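Per chain, numbering begins at 1; letters A, B, ... match sequence-line order. For clarity, every value in this text was computed on a predicted model and none was experimentally measured.
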2 protein chains.
Amino acid sequence: MNNKEKLRKAGLRPTKQRMIIADILLDGINRHFTAENLQNEINSSGNSMSIATIYNCLKKFRNCGLIKQVESSKDTAIFDTNINQHHHFLDEETGELIDIENDEVNLHKLPKIPQGYLNNGVEVLIKIKKQV
Amino acid sequence: MNNKEKLRKAGLRPTKQRMIIADILLDGINRHFTAENLQNEINSSGNSMSIATIYNCLKKFRNCGLIKQVESSKDTAIFDTNINQHHHFLDEETGELIDIENDEVNLHKLPKIPQGYLNNGVEVLIKIKKQV
DNA sequence: AAGTAGTTTAGAACGATTTTAAAGTAAAAA
DNA sequence: TTTTTACTTTAAAATCGTTCTAAACTACTT
Ligand SMILES: [Mn+2]
Ligand SMILES: [Mn+2]
Ligand SMILES: [Zn+2]
Ligand SMILES: [Zn+2]
């Protein structure tokens, strides 16, 4: 399925801008990135785009499940092209995230989900720091 | 150990403002809160404090390990008085966090820590959503 | 082709957080 | 105790990521 079809299937009009972003993000290589990172990639690819459009687009892509947003205590939103359930290493010093595939973690015992709620995904974060 | 001693031990001068905050946060009851939540509690206690001081203080407390900051994709920082290693349920709709004690989770299989790094803490986040 | 609903954009606005710089306070030195 | 020093608090301004506004544009439908 090409990117135009992916956008259509997600219910999004394949505009020029969304195609530019899809071509960058949906190339099968997983990455963690900010809106500014993406704008730099867009610029490097010889295109340009308003930051408002980039935010609009990332929000749409996220809400359609084409990308994810990572939980982060940094003040800049971090997005993730790996939409499979997976986990992360986090170097808190640098903010660097490294993917951990789902089958590399095994949760043996899980607490009971609170009354009236459903489990909607489990994420493991392993904080790491550089060895001295 | 009283709060004045706790601050001294953490290397912080026990100023009037830090004592007011310590009296609210270090009462043994665990909570998740924002800077604004804390300012409201300070006001309710008959005191008042500049928001800059509240941020200064929260940063110092966090860096000293008296409180933690939670990983969150919301744009407002969320702090946690539970400084033990523990986990969370997160209702993504409301942002509500519920503590999971460390012994309620058992990680059977963990990936190898990347070369040159040390494990610096594991956090499990269980996203939950209200049952329909 | 014409209509319409959705999209892009520059720039303004917003909200959380940090910075500034001056006044105040706690601890150390005398 | 007084003096000195470094640290802290504050209001206000600045900063920065993100969202909003409203006008121009474009994709899709009729
Ligand atoms: Mn965040
Ligand atoms: Mn912000
Ligand atoms: Zn990832
Ligand atoms: Zn907690």
Side-chain angles (χ1 to χ4, degrees), chain A residues 2-24 32-43 45 47-64 66-80 95, chain B residues 2-24 32-43 45 47-64 66-80 95:
Chain A
N2 64 27
N3 288 338
K4 189 174 280 193
E5 288 169 337
K6 280 183 195 162
L7 292 177
R8 284 237 158 78
K9 195 175 158 204
L12 298 177
R13 287 188 181 179
T15 64
K16 178 166 168 268
Q17 289 78 2
R18 286 173 185 163
M19 286 301 294
I20 291 169
I21 290 181
D23 286 345
I24 291 172
H32 304 113
F33 63 97
T34 65
E36 195 191 0
N37 294 155
L38 178 57
Q39 190 170 46
N40 291 336
E41 284 205 65
I42 291 167
N43 293 338
S45 74
N47 294 289
S48 76
M49 204 176 297
S50 151
I51 192 69
T53 300
I54 292 172
Y55 277 107
N56 288 343
C57 190
L58 288 173
K59 194 182 282 190
K60 291 274 191 186
F61 277 34
R62 166 169 46 77
N63 293 343
C64 291
L66 292 170
I67 61 173
K68 283 182 168 184
Q69 183 172 354
V70 176
E71 302 287 328
S72 164
S73 47
K74 308 196 71 177
D75 55 9
T76 304
I78 298 172
F79 298 90
D80 193 341
Chain B
N2 64 28
N3 288 336
K4 187 172 282 193
E5 287 169 337
K6 280 183 196 162
L7 292 176
R8 284 237 159 77
K9 194 174 158 206
L12 299 177
R13 287 186 181 181
T15 64
K16 179 165 166 270
Q17 289 78 2
R18 286 172 184 164
M19 285 300 295
I20 290 168
I21 291 180
D23 287 345
I24 291 172
H32 304 114
F33 64 97
T34 65
E36 194 190 0
N37 293 155
L38 178 58
Q39 190 170 45
N40 291 336
E41 284 205 67
I42 291 167
N43 292 340
S45 76
N47 294 289
S48 76
M49 203 175 299
S50 152
I51 193 69
T53 301
I54 292 172
Y55 278 107
N56 287 343
C57 191
L58 288 173
K59 193 181 284 188
K60 289 274 191 185
F61 277 36
R62 166 170 45 76
N63 293 343
C64 290
L66 291 170
I67 62 175
K68 283 181 165 183
Q69 183 172 353
V70 175
E71 302 288 326
S72 164
S73 45
K74 309 197 67 178
D75 56 8
T76 304
I78 298 172
F79 297 89
D80 193 340

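Listed nucleotides D:dA27, C:dT8, D:dT10 differ in distance to B:Thr53; the shortest reach to its side chain belongs to D:dT10. Nearest to the side-chain atoms of B:Ala52 among the listed nucleotides D:dG17, D:dT10, C:dT17 stands D:dT10. You'll find that the side chain of A:Met49 is closest to C:dT9, out of C:dT9, C:dT17, D:dT8. Which of D:dA27, C:dT17, D:dA6 sits closest to the side chain of B:Arg13 comes down to D:dA6. Residue B:Pro14 has its side chain nearest to C:dA27 when only D:dT9, C:dA27, C:dT9 are considered.
The shortest distance between the side-chain N/O atoms of A:Gln17 and the OP1/OP2 oxygens of D:dT26 is not below 4.0 Å. Checking the phosphate oxygens (OP1, OP2) of D:dA27, no side-chain nitrogen or oxygen of A:Lys16 falls inside 4.0 Å. Here B:Thr76 does not reach the OP1 or OP2 of C:dG15: none of its side-chain N or O atoms lies under 4.0 Å away. In terms of phosphate contacts, A:Arg18 brings no side-chain nitrogen or oxygen within less than 4.0 Å of OP1 or OP2 of D:dA27. Contact check, B:Lys59 against C:dT17: no side-chain N or O comes under 4.0 Å of OP1 or OP2.
C:dT20 atom P lies 18 Å from atom OH of B:Tyr55, rounded to whole Å. Note: CG (B:Asp75) to C1' (C:dT17) measures 11 Å, nearest angstrom. Between the CD1 atom of A:Ile42 and the C1' atom of C:dT9 there is a distance of 14 Å, given to the nearest Å. C:dT17 atom P lies 10 Å from atom CD1 of B:Ile78, rounded to whole Å. Going from atom CE of A:Met19 over to atom P of C:dT8 covers 13 Å, rounded to whole Å. Rounded to an integer number of Å, the gap from A:Leu7 CG to C:dG6 P is 17 Å. We find that CG of B:Leu58 is positioned 13 Å from C1' of C:dA16, with the value rounded to whole Å. To the nearest angstrom, P of C:dT18 lies 8 Å from CZ of B:Arg62.
The main-chain N or O of A:Thr34 is found under 3.5 Å from a side-chain atom of A:Asn37 such that the two form a donor-acceptor pair. Checking side-chain atoms of A:Arg18 against main-chain N and O of A:Cys57 turns up no donor-acceptor pair under 3.5 Å. Judged purely by atom type and a 3.5 angstrom limit, A:Gln69 has no side-chain atom pairing as donor or acceptor with the backbone of A:Phe79.
Across the interface with DNA chain C, nearest-nucleotide mapping of B:Ile51 and A:Ile54 shows A:Ile54 to be the residue nearer the 5′ end.
Taking NZ of A:Lys4 as the reference point, atom CG of A:Asp23 lies at 10.5 Å (rounded to 0.5 Å).
For the side chain to side chain contact (heavy atoms under 4.5 Å, CB included) with B:Ile20, the lone residue among B:Thr53, B:Ile54, B:Ile42, B:Asn3 that qualifies is B:Ile42.
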